[in-house]
Amino acid sequence: MELSLAGQLDALAVWRRGLDRQASDLSRFMLEHDLLDEGSERKLAALRERLASDRLCVAFVAEFSRGKSELINAIFFADTGRRILPATPGRTTMCPVELGYEPGTPSLLALLPMNTRLDAQSLSDLREKPELWTRIRLDADSPDHLAESLAEVTRTQAVSVDMARSLGLWHDDTPDDNPPVLADGLVEVPAWRHAAINYPHPLLKRGLVVLDTPGLNAIGAEPELTLSLLPAAHAVVFILGADTGVTKSDLAVWRDHLGGQSMTRFVVLNKIDALVDPLLSAAAVEAQIDQQCRTTATTLGVERGRVYPLSARLALSGRIDGDAAALAASRLPALEQALSTELLPRRREVIESLVADTAQNIEQQATRRLADQRRLIAEQMLELRGLRGKNSGKVQLMIKRVDLEMAEFERCTDRLVALRGVHARMLRQLLVGLSSDELRDEVARMQREASATLFNLGAKKAFVALCTRLRARVVQARALGQETHDMLQASFRQLNGDFGFALSLTRLPALDRCDRELDLIERSYVQYLGLSQALRLAEPRFMAQFRRMLLSKLRMAFENASGEVELWHKSASNQVDSQLRERRRGFKRRRDGLERVQAAAGDLDDRIGDLESQDARWQHLATRVRGFTVALCEAAAAPQPVADASLPSRATPSLSIVAQRSAAA
Ligand SMILES: Nc1nc2c(ncn2[C@@H]2O[C@H](COP(=O)(O)OP(=O)(O)OP(=O)(O)O)[C@@H](O)[C@H]2O)c(=O)[nH]1
Ligand SMILES: [Mg+2]
């Protein structure tokens with residue numbers, strides 16, 4: 001069955017909401033029965049946060065004037081009845097434009113002025129500073145007003161060459177990339193550095209984020225785009241013009257910005273309408289298109305099936321006019337279909353494994369806790385059954401025995417204090433290697449090494465050396481983690497043997513997510529430093545911006561790794577604390593029970609009955625927890641419900657029209 005992207009996103013949202021409900025039930029149940037320790041509580045909270053807002057980012061990338069903005073118009077805005085994003089011949093979009101929707105916030109165009117580059121702050125830092133952004137309220141109900149407001153993204157300003165240089169938009173060593181000097185000696189540069197549109201489009205409301213980018217120069221000029229926004233996109237649509245084929249600069253964009261990336265890539269051969277020639281038969285034009293697709297696929301090193309020939313202009317006008325034949329001739333539906341069917345399953349897989357992992361963790365933790373309780377009850381029952389028919393003197397003796405055992409057990413406290421000390425020291429040692437301070441020193445060292453070379457030409461080498469050192473730190477952290485693990489395991493085994501604990505360690509975090517993040521950072525930065533960009537590092541302001549951006553990315557990767565290790569540590573020490581508490585409670589219960597038996601000998605059977613029903617309750621709770629986690633995993637793995645199957649079908653379903661309809665439904 002063919003599903004629109006809107007339908008798929010809906011189905012994904014329905015699925016996510018269902019999972020969230022189940023996770024919330026599980027959480028409530030665990031809390032009610034005091035089964036949730038801090039580690040599991042955090043895991044559950046993280047899962048629910050993820051289920052509540054899962055974004056899917058699609059970036060449109062190309063040389064200038066290949067039709068990125070027009071394609072976005074055709075896919076997302078045709079139902080407004082007009083062209084919304086500006087698309088004109090020559091350079092049009094002057095800064096990256098991010099389209100998304102934040103629930104509960106007004107429709108807005110937020111623009112970050114270009115001169116914020118003078119402060120060397122990264123875009124992610126600046127996102128936290130709303131006072132630096134210019135805001136324009138959008139009237140979502142008026143397409144004309146919307147289009148008028150969005151024309152801002154084409155705005156330029158005239159500045160001196162010196163200013164352009166300070167902004168990082170003028171480079172003496174690469175004159176071809178510089179903007180032309182006007183008659184008055186000024187140069188024209190983009191007015192805005194970044195634009196973010198908050199707009200309640202049905203697809204954006206479903207968590208889709210669309211990134212329109214300006215042509216090549218600007219991609220090179222805004223490092224954040226290459227280093228951060230594009231690698232974070234889940235899919236990239238790379239656009240070529242059928243009228244131009246793959247030009248040298250197209251190839252440079254592909255190679256420098258998309259070639260090595262792991263995100264899903266779609267290649268569009270746009271403007272196929274330009275190939276229509278009155279002197280050629282339809283079959284001959286078709287053969288030309290096919291030939292172009294083949295050449296494109298070979299040049300870019302992708303499969304032929306990844307290349308989608310289409311006409312964004314024809315699709316846009318076809319949709320606006322309600323002309324089904326034109327829309328079919330535009331061939332846009334094939335791309336939309338591919339976007340729908342390829343993007344979503346990947347998102348699902350990621351969430352599915354997260355759910356399975358969390359559920360397993362929680363079940364293990366709860367099962368262990370309940371098993372401990374049941375073990376204690378079993379011991380008490382054995383003792384009480386042994387008392388049947390015994391006189392009060394005997395019971396008194398038993399009470400004494402419990403007191404002795406209790407005193408004996410309390411000897412474990414010293415051992416536990418010592419163990420905590422060693423454990424904390426080892427953990428500190430591990431975390432120091434991943435700390436922000438050490439990261440800052442490492443990056444500073446890289447900067448020193450890079451600046452020691454002429455024009456920073458050694459920047460790439462210094463960066464690769466930095467990555468090698470950081471990897472070594474992760475390896476070191478892993479080794480220290482293993483050491484801590486082994487130490488704890490040996491201690492747990494002894495404590496279990498000597499004091500009747502049932503301590504068992506959870507799996508040590510593998511830190512492979514940190515490895516993957518380092519790989520991604522290294523790949524995109526090495527690719528970036530391979531370009532003429534490396535030369536720009538000689539400019540202090542650019543270097544400062546580069547360093548801050550790098551540091552914030554690395555910090556995120558290392559903080560995640562530290563967080564995983566700390567969580568693991570917490571789960572081990574929580575286990576000790578909770579078992580200690582339980583054991584003490586157990587002794588007290590045993591003693592109280594015996595005292596009651598002594599006070600009224602006839603109570604013995606009642607007491608045993610109490611314990612039996614308590615045991616049945618624990619057993620029941622364990623079954624319930626298992627029921628919850630199994631249901632959660634099954635729901636995560638269940639085939640996706642078809643959300644829009646009930647919608648009336650159209651001969652040529654338009655993505656945006658279907659989206660609107662399902663929103664209305
Ligand atoms: N013939 C034809 N022209 C198209 C098609 N798609 C876009 N164009 C035209 O190509 C020109 C450039 O399109 P844009 O969408 O502005 O291109 P862009 O890639 O966004 O360019 P920048 O914003 O400058 O990076 C505009 O005049 C569009 O109308 C198409 O399918 N066929
Ligand atoms: Mg554009």
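Counting starts at 1 for both ligands and their atoms, following the listed order.
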* **Distance filter under 4.0 Å to S65 heavy atoms, resulting ligand 1 atoms** => 11 (C), 12 (C), 17 (O), 18 (P), 19 (O), 21 (O), 22 (P), 24 (O), 25 (O)
* Looking only at atom types and distance, does a side-chain atom of H201 sit under 3.5 Å from a main-chain N or O of F76, one as donor and one as acceptor? -> yes
* Structure fact -> Numbered in order shown, the ligand 1 atoms found under 4.0 Å of a heavy atom of E70 are 6 (N), 7 (C), 15 (O), 29 (O)
* Let me know which of I289, V268, L314, L269 forms a side-chain contact (heavy atoms from CB on, under 4.5 Å) with R331. => I289
* Asked: Is ligand 1 under 4.0 Å from a heavy atom in the side chain of A274, in the backbone, in both, or in neither?
  -> neither
* How close does the nearest protein non-hydrogen atom get to atom 8 (N) of ligand 1, and which residue and atom is it? -> K271 CE, 3.7 Å
* To do: Report yes or no: does S69 contribute a side-chain atom to a donor-acceptor pair with the main-chain N or O of A87 at less than 3.5 Å?
  => no
* Polar atom proximity, D212 to ligand 1 (N or O, under 3.5 Å) -> no
* Asked: Backbone N or O of L240 within a donor-acceptor pair of the K271 side chain at under 3.5 Å?
  -> no
* Do E63 and S249 touch side chain to side chain, with heavy atoms closer than 4.5 Å? -> yes
* To do: List the closest protein heavy-atom neighbour of atom 6 (N) of ligand 1: residue, atom name, distance to the nearest 0.1 Å.
  => N270 ND2, 3.1 Å
* Protein heavy-atom partner closest to atom 29 (O) of ligand 1 - residue, atom, separation in Å -> R313 NH2, 3.0 Å
* **Single hit among Q157, M114, E152 for side-chain contact (heavy atoms from CB on, under 4.5 Å) with W192** => E152
* Structure fact -> Tested for side-chain contact (heavy atoms from CB on, under 4.5 Å) against L150, the lone hit among V97, I84, T93 is I84
* N/O/S atom of S65 under 2.8 Å from the Mg ion (ligand 2), yes or no? -> no
* Asked: Near G215, which atoms of ligand 1 are under 4.0 Å from a heavy atom of that residue?
  -> 25 (O)
* Taking the six-membered ring of F77, is the NZ or CZ of R82 close enough (under 6.0 Å from the centre) and on axis enough (within 45°)? -> no
* Structure fact -> When distances are taken from atom 32 (N) of ligand 1, the protein heavy atom at minimum range is D273 OD1, 2.7 Å
* Asked: Closest non-hydrogen protein atom to atom 16 (O) of ligand 1, residue and atom name please, with distance?
  -> A87 CA, 3.2 Å
* Do D139 side-chain atoms and D141 backbone N/O form a donor-acceptor pair below 3.5 Å? -> yes
* Against heavy atoms of G90, which atoms of ligand 1 measure under 4.0 Å? -> 24 (O)
* **side chain to side chain contact (heavy atoms under 4.5 Å, CB included) between R55 and L204, worked out** => CA-CA 9 Å; R55 307 204 127 204; L204 305 181; over 6 Å; no
* Asked: At what distance is the nearest protein heavy atom to atom 26 (C) of ligand 1, and which residue and atom is it?
  -> T88 C, 3.5 Å
* Does P89 have a non-hydrogen atom less than 4.0 Å from ligand 1? -> yes
* Would you find a donor on one side and an acceptor on the other, under 3.5 Å apart, between the side chain of N270 and the backbone of I239? -> no
* N/O/S atom of T93 under 2.8 Å from the Mg ion (ligand 2), yes or no? -> yes
* **F64 side chain reached by T92 side chain, heavy atoms, under 4.5 Å** => no
* Asked: Considering only protein heavy atoms, which is closest to atom 13 (O) of ligand 1, and at what distance to one decimal place?
  -> G67 CA, 3.6 Å
* Under 3.5 Å: N/O of R91 near N/O of ligand 1 -> no
* Min N/O separation A312 to ligand 1 under 3.5 Å -> yes
* **Minimum-distance protein heavy atom relative to atom 25 (O) of ligand 1** => K68 NZ, 2.8 Å
